[in-house]
Amino acid sequence: MNRIIKFLFILSLMPISVYSQYSVRGIVIDDNGSHVNGAQISLYQNGELEALTRSNVDGEYSIDKVSQGKYLLVASCVGLASEEDSVLVDRDMAHNFILETRDIMLDSIVVNGKNSYASSRGHVFILSKKAKESGNPFVALQEIPYIYSDPVNETVRSSDGQSMIILIDGIRVNSGISPIDPSRIKSVEIIDVVGAKYMRQGVKRILNIKLKETSIYTYAQLAAHADYPEKSFFAIPKFEVGNSNISLYGDASFGVSHSKQENNYNLVSPMLVKSYSGDSKGKEVDYDYSLMPKWRISEKDYFAAYIQGNVNRETNNNTSNGESNHHDISRGSTSDYSSHLFSATAYHKHLFSEDAEMETYAVYSDNRAENTNSLEENANGNKDLNAQKYDNRHKQLTLTMNFTKDFDNGGSLEIGNETQYSYDRIENIGIEDFLFSHHRLNEYVFAGYTGMLLRKLTYDASAGMEYVSMKSDSIIHRYFRPRLSLGLYYNITNNLSTRFSYTYSNTPPPVAMLSPYNTSADTLLVSHGNPYLMPSETHSFGWNSSYFIGGLYLNTSVSYGISNDIIEPVHIEEGDGVLLTTYGNMGRYRSLKLKYYMSWRIRGLFLMMDLAHNVSYYTTAGAKKHFSGMLMLSKKWGKIEARTVFSYQNYIHTEFSRTKNYNPESSLTLSYSFTPDILLSIGCSSFIGNPRSKTTISTGQYRSVAYLTKKTFTPWILFRWSFRKNDKKKIELENEIMRDHENKIKL
């Protein structure tokens with residue numbers, strides 16, 4: 001009898017083991033961050049209603065006994081916009097909803113709900129109906145107070161100047177903001193608690209744009225820019241098209257630019273007094289292309305690839321006349337620089353579950369450049385000719401793996417590593433021939449955790465260890481260097497937040513500073529690197545506080561840094577008027593920065609002001625101060641916008657040199673939007689005068705003074721046409737395309 005009972009009991013458990021059942025839980029909040037009581041949660045499978053429940057007074061809901069499978073989860077409530085998401089149930093899971101407040105019409109008065117709430121890592125913003133219907137994503141993002149979005153130049157940056165990265169649907173792999181139809185933007189998240197994987201890149205803020213799902217979409221854009229009298233221009237076509245399984249993004253650009261400047265140079269040394277003045281003219285031709293396919297392999301796997309190429313050539317010619325020890329001199333110099341860059345990236349993301357994922361990507365780049373400099377000087381009937389020709393080759397391979405796990409208590413764990421190998425070959429063919437080779441291996445392992453101390457207080461801690469092995473010709477360096485980041489983020493109210501941070505980092509020297517061979521064609525100026533350079537060590541302390549209400553945004557920050565072995569230019573007088581410029585680890589260096597930022601948007605008027613006071617403390621030169629500021633004012637009248645920008649920094653310091661800027665840089669722009677996708681702009685740079693500066697280098701008995709005037713007064717015209725189309729059918733493919741490559745190399 002007992003055997004029969006045991007058999008029946010085991011038999012009754014078989015359906016449970018064969019057809020596993022799980023629970024789906026979550027919280028429903030509105031766009032003000034308040035819990036929604038009585039929201040209806042519906043669970044559908046293949047169009048059939050499987051379960052129905054409502055949220056409680058804390059916004060919590062729970063659906064139990066859900067079989068494994070793919071479902072449509074819908075949340076709705078009176079007065080709030082419904083929200084739906086596709087979910088894959090293969091375990092007990094949590095899924096939260098943000099319901100946007102509907103506009104309520106009362107006697108022709110529109111009452112809008114608040115469009116932001118504080119999160120544990122920053123703020124989440126819901127765009128207004130007007131922004132979503134603007135037709136231009138850069139116009140729509142102007143509502144977000146923590147960033148500055150420029151529709152004319154199609155750029156977005158952090159409003160307080162911090163280093164920022166842009167994510168689409170939480171992924172670094174994206175084709176940028178331009179292809180996005182603003183009606184697809186579900187929410188915009190500003191993240192000030194940055195994960196460990198971004199610590200090495202120095203990222204301080206993240207802009208994460210979350211998109212609604214869409215079907216086949218098409219995007220195309222053509223932009224053209226020209227200025228006069230320099231006859232500079234560029235043209236950039238872009239496109240993107242996709243469906244539920246695959247999509248493709250591409251762009252190309254061609255541009256020509258010209259530059260002019262006036263210079264005046266004076267040199268005083270025990271053996272030589274020299275002065276001359278002249279003009280220089282430059283020209284740059286640039287070709288660039290990108291192609292980025294992506295593919296959803298399965299429900300839990302994504303793949304993206306990216307190739308990018310660039311061809312660039314710059315030429316510069318300078319002629320000047322003057323005196324050397326009371327003898328007439330004439331000088332003529334030329335510079336010819338050309339580069340070829342190709343890079344390829346492969347990216348893969350695997351979802352282990354709703355809250356655990358692994359990202360892997362590999363980047364290969366082949367970067368080549370040639371630089372030829374020549375100088376001919378005639379003095380007292382004697383001709384002196386010097387030429388330098390450099391051939392640079394740089395190859396680099398990077399492999400990055402990052403695992404992220406989120407926990408139910410709000411905590412998040414990140415662990416990963418980055419391996420990077422680079423090879424540089426620098427060959428010189430000039431007065432002296434040489435070949436400089438450099439090998440570098442970087443292995444970086446990191447981990448980080450973010451958690452909650454109190455309801456509105458978040459802490460983050462990240463640590464990493466980097467191993468570097470460098471071989472510069474026969475000189476070998478091997479060392480380990482740690483990295484550490486600690487932070488506290490406190491949302492005092494929904495509109496007021498503050499953050500305290502500490503960062504410890506080590507920065508290895510770039511290869512251009514290691515080559516011990518002369519790169520200057522001027523016989524009186526010798527410039528080379530130092531292969532014995534070591535990494536600089538920096539401790540950074542920071543405090544940042546932000547407040548916004550309506551169209552007003554205020555930000556104040558204080559940062560203090562202490563650096564040891566910082567790499568700085570070194571100027572050494574070698575006699576007969578010859579100045580040697582190299583690099584050295586210059587001991588201890590301290591810096592203090594006080595910054596204030598304000599932006600105010602009201603009735604088509606936008607005012608932005610950015611002010612900073614900086615103090616640099618050098619070991620031998622003491623404290624040096626400089627001020628920088630930027631002011632922008634724009635006004636809209638329907639489809640017309642006028643904008644003017646002024647920026648100024650009074651001094652630029654190093655330990656032995658000082659550059660004084662006499663006047664600010666300026667620009668004036670007038671734009672007309674025929675439609676949200678068709679823009680015509682005219683403008684002028686340096687409309688209040690060409691920027692002028694004076695650079696003084698003083699060491700020992702050597703003193704040189706150079707005056708420079710950049711002839712950047714240039715009227716210009718820009719035309720841009722964009723086309724976006726999205727069907728209404730739902731799909732489950734995010735816009736995940738990688739765009740990650742290095743810049744051109746230059747000595």
Is it true that the side chains of [X] and [Y] contain a donor and an acceptor less than 3.5 Å apart?
X: His348; Y: Thr360; result: no
X: Ser178; Y: Glu154; result: yes
X: Asn402; Y: Glu418; result: no
X: Arg483; Y: Ser505; result: no

Thr498: partners by side chain to side chain contact (heavy atoms under 4.5 Å, CB included), with sequence neighbours left out
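Tyr490, Ile492, Phe500, Trp543, Ser545.
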Listed partners of Ser559 passing side chain to side chain contact (heavy atoms under 4.5 Å, CB included), at least two apart
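Scan of Ser559 (side chain to side chain contact (heavy atoms under 4.5 Å, CB included), adjacent residues dropped) gives Lys593.
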Is NZ or CZ of Arg499 both nearer than 6.0 Å to the six-membered ring centre of Tyr489 and within 45° of the ring axis?
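Ring-cation test returns no.
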What pairs with Tyr502 under side-chain hydrogen bond (donor to acceptor under 3.5 Å, both in side chains), at least two apart in sequence or on another chain?
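Tyr502 satisfies side-chain hydrogen bond (donor to acceptor under 3.5 Å, both in side chains) with His539 only.
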Parallel, tilted or perpendicular, judged at 30° and 60°: which one describes the rings of His350 and Phe352?
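It falls in the perpendicular class, over 60°.
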I'd like to know if the side chain of [X] and the backbone of [Y] have a donor-acceptor N/O pair within less than 3.5 Å.
X: Asp565; Y: Asn585; value: no
X: Asn96; Y: Ile27; value: yes
X: Glu143; Y: Ser128; value: yes
X: Thr493; Y: Leu496; value: yes
X: Asn530; Y: Tyr532; value: yes
X: Ser55; Y: Ala39; value: yes
X: Ser149; Y: Phe138; value: yes

Strictly under 6.0 Å, is that where the ring centroids of [X] and [Y] end up?
X: Tyr146; Y: Tyr553; answer: yes
X: His477; Y: Tyr479; answer: no
X: Phe125; Y: Phe548; answer: yes
X: Tyr589; Y: Tyr618; answer: yes

Please list, chain by chain and in numerical order, all residues satisfying salt bridge (Lys or Arg N to Asp or Glu O under 4.0 Å) with Lys186, sequence neighbours excluded.
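Only Glu83, Asp85 meet the salt bridge (Lys or Arg N to Asp or Glu O under 4.0 Å) criterion with Lys186.
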Can you list everything that forms a salt bridge (Lys or Arg N to Asp or Glu O under 4.0 Å) with Lys405? Sequence neighbours excluded, please.
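By the salt bridge (Lys or Arg N to Asp or Glu O under 4.0 Å) rule, Lys405 matches Asp355.
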Please determine whether salt bridge (Lys or Arg N to Asp or Glu O under 4.0 Å) holds for the pair Lys132 and Asp181, giving the CA-CA distance in whole Å, both sets of side-chain angles, and the decisive distance to 0.1 Å.
CA-CA 8 Å; Lys132 291 182 178 180; Asp181 187 331; over 6 Å; no
Pairing residues for Tyr423 by the ring pair (Phe, Tyr, Trp, His ring centres under 6.0 Å) criterion, not counting sequence neighbours:
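Residues passing ring pair (Phe, Tyr, Trp, His ring centres under 6.0 Å) with Tyr423: His439.
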Close side-chain approach of Thr538 and Ile562, heavy atoms under 4.5 Å:
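Thr538 vs Ile562: side chains apart.
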May I ask you to check whether over 12 heavy atoms, not counting those of Lys395, lie within 6.0 Å of atom NZ?
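Atom NZ in Lys395 is not crowded, with 12 or fewer foreign heavy atoms closer than 6.0 Å.
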